[in-house]
Amino acid sequence: MRISNIISRKKTFSFEVFPPNPNNSSIQDIFPTIDALGQYAPDFISVTFKSSGDYAQNTIDLASYIKRNTSAEPLAHLTCGALDKDDVEQVADTMRQEGLENVLALRGDKPAEYTGDYLKYFKHASELMDFLRSNYDFCLAGACYPEGHIESESLYDDLVNLKIKQDMGASFFVTQLFYDNNYYYRLVRVAKKMGITVPIIPGIMPLTSTTMFNKIMNMAGASIPFEMRVLFDRFRNDKKAMYEIGIAYSVNQILELLANDADGIHIYTMNNAKVTGDIYNRISSVIEKELR
Ligand code: FAD
């Protein structure tokens with residue numbers, strides 16, 4: 001089913017997963033996690049794509065597994081920056097053959113192993129969307145950035161470009177992670193003013209360990225609220241406390257977003273069904289009421 005059909009009826013509850021590292025695991029290793037995540041009845045599960053285009057088949061295989069074995073619709077990511085037009089065509093053809101109907105069309109970042117300019121045929125995600133809508137019949141989604149994309153001079157410029165993605169066929173957007181909901185509210189407010197009418201689904205990344213916290217701190221573009229930082233600093237050597245704080249923070253973030261009429265909830269699961277379940281179980285009645 002096209003996710004746009006679900007979105008036309010109701011707000012969505014959804015997850016992101018990634019194919020396991022092919023150097024030390026096989027795609028089957030993630031299947032029990034997908035089965036466990038399926039228990040929470042997400043409307044869709046998105047599957048990441050490596051920006052170099054290597055292992056594209058793993059994204060497709062995982063999305064196909066989701067389609068066959070859960071009640072969720074798969075949303076396959078496809079990044080275009082480092083790919084030739086032929087490579088994009090090959091991936092899109094295979095997605096179509098597999099019956100995948102939903103694509104999150106992205107530009108992608110420069111692959112770690114590349115030096116110099118990496119952009120090949122498509123320079124922006126909107127060009128990929130234009131190409132896909134002209135040659136295929138996918139339901140298209142795009143990415144957006146509550147604190148602005150790191151390469152953008154301003155949030156305004158970023159939103160001008162977001163509007164182009166809508167014009168090129170995006171039926172909805174999923175946001176980059178954020179920890180201060182005010183960035184999401186601002187994004188939605190300004191986007192609406194600029195004529196963006198499709199849903200903007202907030203992406204929530206639970207931070208449940210010191211390793212994850214440090215990773216996010218080093219990642220440009222996501223501010224950590226003062227209170228969260230204080231708690232994570234104070235309890236950085238206490239695994240149990242870090243976990244409890246992370247779950248509680250995500251739960252509060254989701255509740256506040258729902259109270260403010262957010263366009264759904266998308267959880268970056270990091271392939272961790274326990275974390276996702278611990279969040280879901282604490283607010284399952286609210287999720288059932290607001291997002292079913
Ligand atoms: P674009 O929409 O092309 O935007 C990139 C930059 O170019 C922005 O600054 C934008 O303002 C600017 N821009 C856009 N269009 C124009 C234009 N027409 N003219 C001038 N400037 C323009 N990465 C992966 O490698 N794999 C994944 O699976 C993946 N999944 C993601 C999922 C989500 C929900 C999000 C938020 C990000 C994801 N990313 C993923 C990261 C993403 O690829 C990077 O953030 C990348 O730098 C930008 O991708 P984009 O599709 O947003 O690009």
Side-chain angles (χ1 to χ4, degrees), residues 3 12 14-21 44-56 58-60 62-63 74-83 87-88 91 95 100 102-114 117-132 140-178 183-184 187 190-191 194 196 198-205 216 219-222 263-271:
I3 294 169
T12 51
S14 57
F15 300 150
E16 179 189 279
V17 296
F18 54 84
N21 182 345
F44 65 89
I45 302 180
S46 78
V47 184
T48 64
F49 189 93
K50 207 166 162 17
S51 65
S52 61
D54 298 333
Y55 312 111
N58 285 354
T59 298
I60 295 171
L62 186 47
L75 170 61
H77 297 199
L78 170 54
T79 67
C80 60
L83 276 70
D87 296 330
V88 166
V91 174
M95 286 177 173
L100 301 176
N102 305 286
V103 175
L104 179 59
L106 298 145
R107 188 202 65 189
D109 287 321
K110 186 196 278 194
E113 61 276 23
Y114 282 39
D117 188 21
Y118 74 102
L119 294 174
K120 289 191 173 161
Y121 183 79
F122 299 98
K123 308 296 178 218
H124 303 291
S126 52
E127 293 176 13
L128 173 63
M129 284 176 189
D130 193 24
F131 174 76
L132 292 175
L140 298 175
C144 64
Y145 303 85
E147 298 185 53
H149 185 263
I150 187 154
E151 292 164 29
S152 284
E153 296 212 345
S154 70
L155 184 68
Y156 176 82
D157 290 342
D158 216 22
L159 289 177
V160 168
N161 297 326
L162 195 66
K163 174 72 165 55
I164 300 174
K165 293 203 254 194
Q166 176 180 279
D167 295 343
M168 293 302 139
S171 306
F172 63 100
F173 295 112
V174 180
T175 77
Q176 178 63 289
L177 58 88
F178 58 92
Y183 288 111
Y184 171 78
L187 174 81
V190 184
M194 294 177 70
I196 293 168
V198 302
I200 298 178
I201 303 174
I204 302 298
M205 166 88 92
I216 297 299
M219 202 180 111
D263 291 337
I265 294 293
H266 185 71
I267 300 183
Y268 291 105
T269 72
M270 299 300 286
N271 292 356

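Indexing begins at 1, ligand by ligand and atom by atom, following the structure's order. Positions are given from 1 along the sequence.
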Residue-ligand contact Y145/ligand 1, heavy atom below 4.0 Å
yes
Contacting atoms of ligand 1, where contact means under 4.0 angstrom from a heavy atom of T79:
24 (C), 25 (O), 26 (N)
Going by the atom numbers of ligand 1, which of them fall below 4.0 Å from some non-hydrogen atom of T48?
28 (O)
Looking only at protein heavy atoms, identify the closest one to atom 40 (C) of ligand 1 and say how far it is in Å.
L106 CD1, 4.1 Å
Which value, rounded to the nearest 0.5 Å, describes the distance between S46 atom OG and I267 atom CD1?
12.0 Å
State whether any protein heavy atom lies less than 4.0 Å from atom 4 (O) of ligand 1.
no
Tell me: protein heavy atom nearest atom 35 (C) of ligand 1, and distance?
A143 CB, 3.6 Å
Any atoms of ligand 1 less than 4.0 Å from a non-hydrogen atom of S51? List them with their elements.
25 (O)
Number the atoms of ligand 1 from 1 as they appear, then name those within less than 4.0 Å of a heavy atom of Q176, with their elements.
36 (C)
Within ligand 1, which atoms have a heavy atom of V174 less than 4.0 Å away?
34 (C)
Record the part of K165 in heavy-atom contact with ligand 1 below 4.0 Å; permitted values are side chain, backbone, both and neither.
side chain
Can you tell me which residue pairs pass the salt bridge (Lys or Arg N to Asp or Glu O under 4.0 Å) test with a partner in residues 161-173, sequence neighbours excluded?
K163-D167
Under 3.5 Å between any N/O of F49 and any N/O of ligand 1: does that happen in this structure?
yes
Measure from the side-chain N and O atoms of T59 to the backbone N and O of T48, and report whether any donor-acceptor pair falls under 3.5 Å.
yes
Check whether any side-chain heavy atom of Y268 sits under 4.5 Å from a side-chain heavy atom of V174, and report yes or no.
yes
Is it the case that over 12 heavy atoms from other parts of the model lie below 6.0 angstrom from the OH atom of Y156?
no
Check whether any N or O atom of G108, backbone or side chain, sits under 3.5 Å from an N or O atom of ligand 1, and answer yes or no.
yes
Distance-only, no hydrogens or angles: does the S52 side chain make a donor-acceptor pair with backbone N or O of D54 under 3.5 Å?
yes
Using distance alone, decide if ligand 1 has a nitrogen or oxygen within less than 3.5 Å of any nitrogen or oxygen in S152.
yes
Strictly under 4.0 Å, does any heavy atom of Y268 approach an atom of ligand 1?
yes
Number the atoms of ligand 1 from 1 as they appear, then name those within less than 4.0 Å of a heavy atom of D109, with their elements.
43 (O), 44 (C), 46 (C), 47 (O)
Any nitrogen or oxygen of R107 lying under 3.5 Å from a nitrogen or oxygen in ligand 1? Just yes or no.
yes
Tell me the contacting part of H149 for ligand 1: side chain, backbone, both, or neither, using a 4.0 Å heavy-atom threshold, strictly below.
side chain
Is F173 close to L187 at the side-chain level, that is, under 4.5 Å between some pair of heavy atoms?
no
Between the side chain of T175 and the main-chain N/O of G203, is any donor-acceptor distance below 3.5 Å?
yes
Indicate yes or no: does an N/O atom of N161 lie under 3.5 Å from an N/O atom of ligand 1?
yes
Applying side-chain contact (heavy atoms from CB on, under 4.5 Å) between F172 and each of N102, L104, L75, report the one that passes.
L75
Could you tell me if the side chain of N58 sits less than 4.5 Å from the side chain of F18, heavy atoms only?
no
Taking the side chain as every heavy atom from C-beta outward, state whether L128 and L106 have any atom pair closer than 4.5 Å.
no
Using a 4.0 Å cut-off to any heavy atom of D158, which atoms of ligand 1 qualify?
8 (C), 9 (O), 10 (C), 11 (O)
Kindly state each residue pair satisfying salt bridge (Lys or Arg N to Asp or Glu O under 4.0 Å) with at least one member in residues 140-160, sequence neighbours excluded.
R107-E151
Atom 14 (C) of ligand 1: which of K163, H124, M129 has the nearest heavy atom?
H124
Are any of the N or O atoms of H77 closer than 3.5 Å to those of ligand 1?
yes
So for F173 against ligand 1, with non-hydrogen atoms under 4.0 Å, the contacting part is neither
Could you tell me if the side chain of S171 sits less than 4.5 Å from the side chain of I3, heavy atoms only?
no
